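Small disclaimer: the values here were computed from a predicted structure and weren't measured.
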Amino acid sequence: MKRTLLGLGAALSALVAAFGIWQLHIGVAQADRDDRPRFSVDPFWPKPLPNQWQIGQVPGIAVDKDDNIWIVQRPRTLTNDERGASSFDIPVAPIPSPPPLDGAARPQGSISDCCLPAPSVMQFDPKGKLLRAWGGPVDPGKCVEAEGCFWPNTEHGIYVDHDMNVWLGGQAGGAVLKFSANGDFLLQIGRRQPPVRDSNNTNGGVNGTPLLAQPADMEVDPDTNELYIADGYTNLRVIVVDANTGMYKRHWGAYGQNPVDDTAFGPYIKNQAPARHFRNPVHAVRITDDGLVYVADRVNNRIQVFDKKKVGGPCLGGATSPGQCGFVGEFFVETDTLGPGSTWDVDVSPDRQQKFLYNADGSNNYVWTLLRKNGQILDRFGRNGRMAGQFHWVHNLAVDSKGNIYTAEVDTGKRVQKHTPRDDDHGRRDDDDRDDHRRR
């Protein structure tokens with residue numbers, strides 16, 4: 001998909017002005033192309049898994065304080081041939097909630113030498129060696145319903161906090177789960193129920209925690225020990241809770257609105273004026289060292305930015321200019337993207353200023369590099385494909401202390417990749433890619 005042209009950007013700016021909405025950047029011009037990091041894929045990361053394990057879709061990836069990499073993956077998404085060493089077929093509909101891992105026994109046992117479903121949560125060292133694996137339908141003892149733990153039907157999102165607690169979200173699960181690094185269950189926020197939009201609900205979950213609706217992502221602020229939840233695939237909000245108790249602190253929608261407008265909205269239209277609401281899903285939330293909160297409003301092709309110390313209070317209708325309701329600004333990526341949208345996940349570079357913002361774009365299958373101070377697009381890497389360094393539905397990314405970017409793919413992508421900063425400060429794309437840039 002071609003990047004928006006400057007003329008179209010000017011037209012959009014006029015629309016924005018007419019609606020009284022401030023923006024950081026419309027995603028059209030490029031900064032100095034030498035002023036951005038470059039990356040090369042490591043085709044040998046991670047190392048082969050033990051136990052004939054195979055992973056399914058990977059809807060979450062995180063880096064812990066020791067630069068180890070964590071993923072959450074969906075073993076139920078393996079096809080029958082991908083789990084050929086299993087003695088069971090995949091269940092067929094109708095299925096209970098949550099769906100089981102195994103269906104009918106295969107009359108003659110396994111159908112091939114490889115493979116078997118892996119546990120849902122996996123930790124790797126920076127060289128790609130598997131350190132531990134636990135949880136999910138392969139390892140149900142880590143989440144027992146009789147003990148108040150309800151594993152999501154569809155795993156979604158992972159975060160490892162400053163105390164090495166592991167946080168998980170999920171679709172059709174209605175809850176966020178907290179575990180120790182070894183998989184000991186610690187806390188559930190919300191409860192399993194059919195997803196119903198109720199973005200202003202601050203109670204109704206387990207032990208008085210907020211009732212969530214298909215939470216997609218989460219992050220703990222180490223300064224306050226508060227958990228920020230992108231909530232999510234049904235609700236239209238970010239909600240903040242105490243990371244120890246799960247009790248409600250505050251919440252907000254687009255432009256810092258509170259209460260959140262839950263009105264049903266129509267589909268996104270290419271290059272439309274910025275919407276006054278989040279669209280589903282509110283897919284990711286990230287906190288930076290300077291106290292800003294970045295929210296990936298995926299289908300609206302934008303990232304909204306908030307001041308964590310000011311957002312979340314009463315604000316009927318939301319801000320109409322920066323500085324109101326804790327709203328700082330917004331910027332856009334590929335506003336002509338339809339379908340699942342262009343802003344799937346965000347993370348920042350590890351330098352002191354956290355100068356660069358990285359955006360996983362699962363529709364166009366790029367990782368965008370933006371200048372964080374104003375959202376200016378500097379570069380991108382990747383493309384739609386199956387080869388190393390290419391993507392199919394790149395869903396999440398995480399950055400370690402050395403600037404390596406780890407990416408995770410869903411749908412039929414079902415893999416993780418490591419992208420290392422290039423030593424060559426004068427790195428160049430191949431001729432076809434340079435031609436593509438000239439055409440834009």
Please name the pair of heavy atoms, one in L227 and one in W167, separated by the smallest distance, quoted to 0.1 Å. CD2-CZ3, 3.4 Å
Heavy-atom closest pair (T245 atom, T209 atom, distance to 0.1 Å) is O-CG2, 3.8 Å
Which atom pair, heavy atoms only, marks the closest approach of M122 to L49? CE-CD2, 3.9 Å
Would R380 and Y366 count as a cation-pi pair here, with the cationic atom under 6.0 angstrom from the ring centre and within 45° of the axis? yes
Quick one: which of K309, R352, R372, K308 gives a salt bridge (Lys or Arg N to Asp or Glu O under 4.0 Å) with D290? R372
For I69 and P126, the nearest pair of non-hydrogen atoms, with its separation, is CD1-CA, 3.9 Å
Do the side-chain N and O atoms of N271 and T335 include a donor-acceptor pair separated by under 3.5 angstrom? yes
Listed by chain and number, what are the salt bridge (Lys or Arg N to Asp or Glu O under 4.0 Å) partners of R415, not counting sequence neighbours? E409
Going by the angle between their ring planes, with limits at 30° and 60°, are Y248 and H251 parallel, tilted or perpendicular? tilted
Let me confirm one number: the NZ-CZ distance from K355 to R36, rounded to the nearest 0.5 Å. 12.0 Å
Chi angles and distances behind the side-chain hydrogen bond (donor to acceptor under 3.5 Å, both in side chains) call for Q57, T77: CA-CA 6 Å; Q57 298 174 5; T77 63; 4.5 Å; no
Inter-residue atom distance L397.CG - I61.CD1, 0.5 Å rounding: 8.5 Å
Could you tell me how the ring of W393 sits relative to the ring of W344: parallel (under 30°), tilted (30 to 60°) or perpendicular (over 60°)? perpendicular
Using 30° and 60° as the class boundaries, would you call the ring planes of F331 and Y294 parallel, tilted or perpendicular? tilted
Taking atom NZ of K310 as the centre, does the number of heavy atoms from other residues, nucleotides or ligands within less than 6.0 Å exceed 12? no
Which atoms form the tightest heavy-atom contact between S342 and N364, and what is the distance? CB-ND2, 4.2 Å
Among F391, Y358, Y406, ring-ring contact (aromatic ring centres under 6.0 Å, His included) partner for H419: F391
Quick one: sort the H395 and H156 rings into parallel, tilted or perpendicular, breaks at 30° and 60°. perpendicular
Answer yes or no for R276 and Y255: cation-pi contact, defined as NZ/CZ to six-membered ring centre under 6.0 Å and angle to ring axis within 45°. yes
Between CZ of R197 and CG of N280, what distance do you get to the nearest 0.5 Å? 4.5 Å
Here the gap from N203 atom CG to N201 atom CG, rounded to the nearest 0.5 Å, amounts to 7.0 Å
What's the verdict on side chain to side chain contact (heavy atoms under 4.5 Å, CB included) for F332 and T337, showing C-alpha distance, side-chain angles and the deciding distance? CA-CA 11 Å; F332 296 78; T337 302; over 6 Å; no
Quick one about S199 and D262 (side-chain donor to acceptor, distance below 3.5 Å, no hydrogens or angles considered), yes or no? yes
Using the ring of each side chain (for Trp, its six-membered ring), is F124 parallel, tilted or perpendicular to W45, with breaks at 30° and 60°? tilted
CG-SG distance between D184 and C143, expressed to the nearest 0.5 angstrom: 12.0 Å
From CA spacing to verdict: side-chain hydrogen bond (donor to acceptor under 3.5 Å, both in side chains), W368, D361: CA-CA 7 Å; W368 296 97; D361 178 349; 3.0 Å; yes
Output, in order, the C-alpha distance, side-chain angles, deciding distance and verdict of side chain to side chain contact (heavy atoms under 4.5 Å, CB included) for N301 and V333. CA-CA 6 Å; N301 301 318; V333 177; 5.8 Å; no
Decide yes or no on side chain to side chain contact (heavy atoms under 4.5 Å, CB included) for Q123 and V166, but give the supporting numbers first. CA-CA 11 Å; Q123 181 196 29; V166 180; over 6 Å; no
With a cut-off of 6.0 Å (strictly less than), are more than 12 heavy atoms of other residues, nucleotides or ligands near CG of N207? no
I'd like to know whether Q257 forms a side chain to side chain contact (heavy atoms under 4.5 Å, CB included) with L316, so could you lay out the CA-CA distance, the side-chain angles of the two residues, the decisive distance to 0.1 Å, and finally the verdict. CA-CA 6 Å; Q257 61 177 271; L316 185 63; over 6 Å; no
Nearest heavy atoms of T407 and V367, plus distance in Å: CG2-CG2, 4.1 Å
Rounded to the nearest 0.5 Å, what separates atom CG in D64 from atom CG in D400? 10.0 Å
Any chance you could lay out the side-chain hydrogen bond (donor to acceptor under 3.5 Å, both in side chains) test for S401 and D67, step after step, and finish with the verdict? CA-CA 7 Å; S401 67; D67 271 352; 2.4 Å; yes
Ion pair D102/R83, N-O distance below 4.0 Å: yes
Check the angle between the aromatic planes of F39 and F381 and answer parallel, tilted or perpendicular using the 30° and 60° thresholds. tilted
Assess, by modelled atom type and distance only, whether the side chains of E155 and S120 contain a donor and an acceptor separated by less than 3.5 Å. yes
Intermediate values then yes/no, side-chain hydrogen bond (donor to acceptor under 3.5 Å, both in side chains), Q304 and E330: CA-CA 4 Å; Q304 287 206 328; E330 61 185 345; 3.0 Å; yes
